[in-house]
Number of protein chains: 2
Amino acid sequence: MRFTSQEEYGLRCVLQMAKRDGEGPMKIADLAELESLTPAYVAKLMRVLRKGGIVVSVRGQSGGYRLARPPALMSVADVLMVLDHRLYEPAYCQEYTGISPSCVHMSDCSIRALWRRLEASLWHVLDKATLADLVGRERETIVQLGAPLHAARVS
Amino acid sequence: MRFTSQEEYGLRCVLQMAKRDGEGPMKIADLAELESLTPAYVAKLMRVLRKGGIVVSVRGQSGGYRLARPPALMSVADVLMVLDHRLYEPAYCQEYTGISPSCVHMSDCSIRALWRRLEASLWHVLDKATLADLVGRERETIVQLGAPLHAARVS
DNA sequence: ACGATTCTTGACTAAACAGTATACTTAAAC
DNA sequence: GTTTAAGTATACTGTTTAGTCAAGAATCGT
């Protein structure tokens, strides 16, 4: 079970933008510098994020990228969904069919129920976490329902 | 966020073995037939599972594979851990460092806390689900703590 | 208008994962 | 002891993901 590089680095860039939301567009070169990535790679990530409606671009001098919505109104789930996809999604069973045209467990699949539970469990966490929560700026914008992320400890 | 093929198909094979636990070793050819995979690929999966202590092999005529422990004592978490690894693990931050030798967020990482929460949430589900739960044979062996998996519905 | 700055696109290379092929080893059955 | 049905090991090929490169298009400042 793994995150893709695109998810990890894409989210990091989005977080940098959330941290500076309202301070004008951020340039590819600045994001690359802050995250220690190459500008070319950041450009590629931004393309994905732009097409997914997470960021909007401003061209020309003093251009760059900014978030499409305020950080408090954008969840980590929204961002990750654009950068890759769900762990278990409807098309999943059409992808893992071995050498048959369709999965041999169509009628009775014991794994499917488990994957669905996992999926629900994941999204329960990711939907609630806003970008504002993660960068600790939630107070500046809209107050979120429930406890803020950084107040919850894992172990 | 995704499962690797190895996790999906490896777990399926393990489940087939759990379903027939106690009926003698299962042959690669039979597993391949049941799961609609090539024998060569099943052999590769079995190597990983054997080295990870999930299955044991019996060589020679009338040989095959059987589970290293009874299905009620083996969790899905145990199996997935061998087939790939955790979503977020200690080495994670050493892997995503961009073009620097180490991650630029060492001292203050807002994503790390979220990944840890996710990880805990996932493992909460996976640790509790035994192979016996999944194949509906839990009554034949040892009664598990908590509600059996198939009694819980997601949506 | 012009040029500097910045994003945009598509094609390309490299690395990782998925799956295959083949030759070899072990041990039961007779 | 020979045969035969199994697993074991390594190397190979194909496909997807990661990351790079270079030429182009839009916008701002002067």
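Worth knowing before you read on, the calculation uses all heavy atoms, side chains too, and leaves out hydrogens, waters and symmetry mates. Just so we're clear, the structure is a prediction, and the values are computed from it rather than from any experiment. Chain letters run A, B, ... following the sequence lines, proteins first and then strands; every chain starts at 1.
Residue Ser57(A) has no polar side-chain atom (N or O) positioned under 4.0 Å from OP1 or OP2 of dT6(C). For dG19(D), the OP1/OP2 oxygens have a side-chain nitrogen or oxygen of Ser5(A) closer than 4.0 Å. Between Arg2(B) and dT17(D), a side-chain N or O to OP1/OP2 separation shorter than 4.0 Å is present. The phosphate of dA5(D) has neither OP1 nor OP2 within less than 4.0 Å of any side-chain N or O from Ser62(B).
Rounded to whole Å, the distance from CG on Leu45(A) to P on dT20(D) is 10 Å. Here the P atom of nucleotide dG29(D) and the CD atom of Gln61(A) are 6 Å apart, to the nearest Å. Atom CZ in Arg50(A) sits about 8 Å away from atom C1' in dC7(C), given to the nearest Å. In this entry the distance linking CZ of Arg59(B) with C1' of dA6(D) reads 9 Å, nearest Å. Straight-line distance from the OH atom of Tyr9(B) to the P atom of dT20(C): 10 Å, rounded to whole Å. For Glu35(B) and dG19(C), the CD to C1' distance is 16 Å, given to the nearest whole Å. Atom P of nucleotide dG14(D) and atom CD1 of Ile99(A) are separated by 19 Å, given to the nearest angstrom. Taking atom CE of residue Met46(B) and atom C1' of nucleotide dG19(C), one finds them 15 Å apart after rounding to whole Å.
Comparing Lys44(B) and Ala29(B) against DNA chain D, the residue whose closest nucleotide sits nearer the 5' end is Ala29(B). Judged by closest nucleotide on DNA chain D, Thr38(A) is the one of Gly60(A) and Thr38(A) placed further toward the 5' end. Along DNA chain C, the nucleotide nearest Lys51(A) and the nucleotide nearest Gly63(A) are compared for position; the residue whose nucleotide lies closer to the 5' end is Gly63(A).
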Just do the side chain to side chain contact (heavy atoms under 4.5 Å, CB included) check on Leu83(A) and Val48(A) with the steps written out, would you? CA-CA 7 Å; Leu83(A) 289 167; Val48(A) 175; 4.3 Å; yes
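Residues Val104(B) and Ile111(B) fall into different hydrophobic clusters, defined by Ile, Leu, Val, Met, Phe, Trp and Tyr side chains chained together at heavy-atom separations under 4.5 Å.
Side-chain atoms of Tyr65(A) lie closest to dT8(C) of the nucleotides dG19(D), dC21(D), dT8(C). For Ala40(A), the listed nucleotide lying nearest its side chain is dT20(D); candidates were dT17(D), dT20(D), dG19(C).
To the nearest 0.5 Å, atoms CD (Glu35(B)) and CD (Gln16(B)) are separated by 4.5 Å.
Checked by atom type, the side-chain pair Glu8(A)/Ser5(A) shows no donor-acceptor distance below 3.5 Å. In this model, no donor atom of one side chain and acceptor atom of the other lie less than 3.5 Å apart for Trp115(B) and Glu89(B).
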